[in-house]
Amino acid sequence: MSVEPRQLIGVRGMRSRDVPAVLEIEQVSYGYPWSERIFRDCLRVGYHAWVATDLDEQVIGYALLSVAVGEAHVLNLCVAPDARGHGVADRLLEALIGQAEAERAERVLLEVRPSNKSARRLYKRCGFERIATRPGYYPAPDGREDALLLALDLI
Ligand SMILES: CC(C)(COP(=O)(O)OP(=O)(O)OC[C@H]1O[C@@H](n2cnc3c(N)ncnc32)[C@H](O)[C@@H]1OP(=O)(O)O)[C@@H](O)C(=O)NCCC(=O)NCCS
């Protein structure tokens, strides 16, 4: 019997009570997940944060963005494994980019691991271009991994 993927219903602002569900997805999605404290600090300092929800109001993805001095920075973008491949990340990116435009940011920046092929395809499809490499940016099992710095120009 095949299991139906969870269907995206909407994207809304992340609330404090969403953090446990967000953390569950974070922990199964990353080798080096953010702690609960990082998410709570992001909400406390007022970074923009969204969750994608399904028909049952369950969190199936989330995204966080900071905007400062004309630049928006994607801090985190993640979709639950059983909801991937159905455009949820696209919808979250739309929210991020819309916010960056509303705040008149000139560009959106993000870091991605070179090994993260699905994320790199997503960002390329959405118009991001590589502008630099940050050597040894990420922890990795065999030492450190570089980050690719990608940018989407908004003006
Ligand atoms: C990277 C990530 C956010 C992508 O999320 P996603 O919701 O699966 O992304 P999308 O559905 O928009 O796109 C994924 C694939 O589904 C395809 N797709 C999108 N909508 C679709 C639809 N309606 N029907 C069929 N396929 C679809 C896309 O074309 C894409 O295919 P590709 O990977 O072959 O290019 C997700 O894999 C993830 O959370 N990974 C772990 C965390 C992570 O690495 N985050 C990024 C850190 S920089």
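All ligand and atom numbering here is 1-based and tracks the order in the structure.
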At what distance is the nearest protein heavy atom to [atom], and which residue and atom is it?
| atom | result |
| --- | --- |
| atom 44 (O) of ligand 1 | N116 ND2, 2.6 Å |
| atom 34 (O) of ligand 1 | R121 NE, 3.3 Å |
| atom 45 (N) of ligand 1 | L77 O, 2.8 Å |
| atom 39 (O) of ligand 1 | V79 N, 2.8 Å |

ILVMFWY network linking V112 to L65, side-chain heavy atoms under 4.5 angstrom: yes
Contact check, side chains of [X] and [Y], non-hydrogen atoms, under 4.5 Å:
| X | Y | result |
| --- | --- | --- |
| L152 | L154 | yes |
| F128 | L122 | no |
| R144 | P139 | yes |
| V51 | V11 | no |

Pair E26-Y62, side-chain donor/acceptor within less than 3.5 Å: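 Yes - a donor-acceptor pair under 3.5 Å links their side chains.
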Nearest non-hydrogen contact with [atom] belongs to which option: [options]?
| atom | options | answer |
| --- | --- | --- |
| atom 11 (O) of ligand 1 | P33, S118, A119, G87 | G87 |
| atom 2 (C) of ligand 1 | G85, A89, A80, A63 | A89 |
| atom 48 (S) of ligand 1 | Y30, Y138, Y123 | Y123 |
| atom 37 (O) of ligand 1 | E26, K117, R84 | R84 |

Closer than 4.0 Å to some heavy atom of [X] - which atoms of ligand 1 meet that?
| X | value |
| --- | --- |
| D90 | 12 (O) |
| R125 | 10 (P), 12 (O), 13 (O), 28 (C), 29 (O), 30 (C), 35 (O) |
| E111 | 48 (S) |

Heavy atoms of other groups near E106 CD, more than 12 under 6.0 Å: no
Worked check of side chain to side chain donor-acceptor pair (under 3.5 Å) between Y30 and N76: CA-CA 11 Å; Y30 292 110; N76 199 336; 2.9 Å; yes
Distance-only N or O hit between ligand 1 and C78, under 3.5 Å: no
Any R91 heavy atom less than 4.0 Å to ligand 1: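 No, R91 has no heavy atom closer than 4.0 Å to ligand 1.
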Within reach of ligand 1, part of L122 (heavy-atom separation under 4.0 Å): side chain
Side chain, backbone, both or neither: the part of Y62 lying under 4.0 Å from ligand 1 by heavy atom: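 Looking at Y62 and ligand 1, no heavy atom falls under 4.0 Å.
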Parallel, tilted or perpendicular, as decided by the 30° and 60° cut-offs, for the rings of F39 and W34: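 Ring orientation of W34 relative to F39: tilted.
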Lys/Arg-Asp/Glu bridge criterion (N-O < 4.0 Å) met for R44, D41: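 Yes, R44 and D41 are salt-bridged.
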